[in-house]
Amino acid sequence: MITKKIYLYFPKSETEKPIVYQLVKEFDLIVNIFRAKVTPEEEGYLSLEVTGTPENIDRAFAFLGGFDVVIHAGDKSVHWDEGRCAQCGACVVHCPPGALFIADFTTRTIAFNEDNCVECLACIAACPFGACSSAF
């Protein structure tokens, strides 16, 4: 069994189809949805984790390829742009898991540990300089 993080972007034409249900039923995958916004007649997205055998995950990805759904597998959807960061620390107090933190208290340098990020998106609203963004 392996686990993969994937992001699915749905155009209007695909939002009313039971795609996640099919991943569970047809490919025996365990699906953990982190973030979702899928509304009929609008674009939508899902941030999720799928667990299953490598073969079933490959088959599920092939199945998803039959739809007009954009699939991104891999890293987190939250991005921190160090170049845009003004080191103000506004994000740090709004980051529950501590993915954004003060790396050096002398210089008040902010750092980002992607592995700790749970994609709550609180940093995006907290950052006045746009250093934090989401792929969605």
Side-chain angles (χ1 to χ4, degrees):
M1 298 283 267
I2 62 170
T3 299
K4 286 194 174 188
K5 180 82 178 266
I6 61 173
Y7 306 96
L8 303 177
Y9 169 77
F10 297 85
K12 292 177 188 180
S13 63
E14 304 293 350
T15 58
E16 294 190 24
K17 296 178 182 172
I19 293 172
V20 173
Y21 168 77
Q22 294 291 342
L23 295 178
V24 174
K25 184 167 175 41
E26 300 297 324
F27 304 102
D28 197 28
L29 298 180
I30 298 167
V31 175
N32 184 16
I33 298 174
F34 293 114
R35 209 167 14 141
K37 181 186 176 210
V38 181
T39 308
E41 303 301 320
E42 294 181 22
E43 297 173 339
Y45 67 84
L46 282 173
S47 170
L48 54 111
E49 194 175 67
V50 292
T51 302
T53 65
E55 297 80 18
N56 283 352
I57 290 176
D58 288 345
R59 288 179 44 238
F61 277 33
F63 165 77
L64 289 170
F67 294 93
D68 191 19
V69 174
V70 176
I71 307 162
H72 171 71
D75 301 273
K76 304 275 184 183
S77 69
V78 172
H79 303 284
W80 178 66
D81 183 345
E82 187 174 3
R84 291 189 70 136
C85 182
Q87 308 297 321
C88 71
C91 59
V92 173
V93 297
H94 294 283
C95 184
L100 286 157
F101 61 97
I102 299 174
D104 183 338
F105 283 93
T106 306
T107 62
R108 296 206 33 89
T109 303
I110 307 300
F112 178 61
N113 181 339
E114 185 178 285
D115 292 337
N116 291 347
C117 180
V118 296
E119 301 182 54
C120 69
L121 305 182
C123 58
I124 294 171
C127 181
F129 302 100
C132 299
S133 63
S134 174
F136 295 105

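Side-chain atoms are counted along with the backbone in the values below, which use heavy atoms only and exclude waters and symmetry mates.
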Would you find more than 12 non-hydrogen atoms of other residues, nucleotides or ligands less than 6.0 Å from Glu26 atom CD? yes

Above 12 or not: heavy atoms from other molecules or residues under 6.0 Å from CG of Asp28? no

Test of understanding: clusters of I, L, V, M, F, W, Y form through side-chain heavy atoms closer than 4.5 Å, transitively. Do [X] and [Y] belong to the same one?
X	Y	answer
Leu48	Tyr21	no
Phe101	Val78	no
Ile33	Phe61	yes
Ile30	Leu23	no

Looking at Phe34, does the NZ or CZ of Lys5 lie under 6.0 angstrom from its six-membered ring centre and within 45 degrees of the ring axis?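 Pair Lys5/Phe34 counts as cation-pi.
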
Interatomic spacing from [atom1] in [X] to [atom2] in [Y] - rounded to 0.5 Å:
X	Y	atom1	atom2	result
Arg59	Leu64	CZ	CG	12.0 Å
Cys91	Phe112	SG	CZ	9.5 Å
Lys37	Phe10	NZ	CZ	13.5 Å
Ile110	Cys123	CD1	SG	12.0 Å
His94	Ile124	NE2	CD1	13.5 Å
Ile2	Thr51	CD1	OG1	8.5 Å

Report yes if some heavy atom in the side chain of Leu46 is under 4.5 Å from a heavy atom in the side chain of Arg35; otherwise report no. no

Do Cys117 and Pro97 have side-chain heavy atoms sitting under 4.5 Å apart? no

Between the main-chain N or O of Phe129 and the side-chain N or O of Arg84, is there a donor-acceptor pair closer than 3.5 Å?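 Yes; at least one donor-acceptor contact below 3.5 Å.
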
Where [X] and [Y] come nearest, the two heavy atoms and their spacing:
X	Y	answer
Ala60	Leu29	CB-CD1, 3.6 Å
Val24	Val31	CG2-CG2, 3.7 Å
Tyr7	Ser47	CE2-OG, 3.3 Å
Val69	Pro11	CA-CD, 4.4 Å
Cys132	Trp80	SG-CD1, 3.8 Å
Leu100	Cys95	N-SG, 3.4 Å

Checking Lys17 now: which residues fulfil side-chain hydrogen bond (donor to acceptor under 3.5 Å, both in side chains) with it, not counting sequence neighbours?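 Lys17 satisfies side-chain hydrogen bond (donor to acceptor under 3.5 Å, both in side chains) with Glu14 only.
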
What verdict does the side chain to side chain contact (heavy atoms under 4.5 Å, CB included) test give for Phe67 and Ile19, after you've listed the backbone C-alpha separation in whole Å, the side-chain angles of each residue and the deciding distance to 0.1 Å? CA-CA 9 Å; Phe67 294 93; Ile19 293 172; 4.0 Å; yes

Would you please indicate yes or no on a ring centroid separation below 6.0 angstrom for Phe63 and Phe27?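 Yes, the ring of Phe27 comes within the 6.0 Å limit of the ring of Phe63, centre to centre.
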
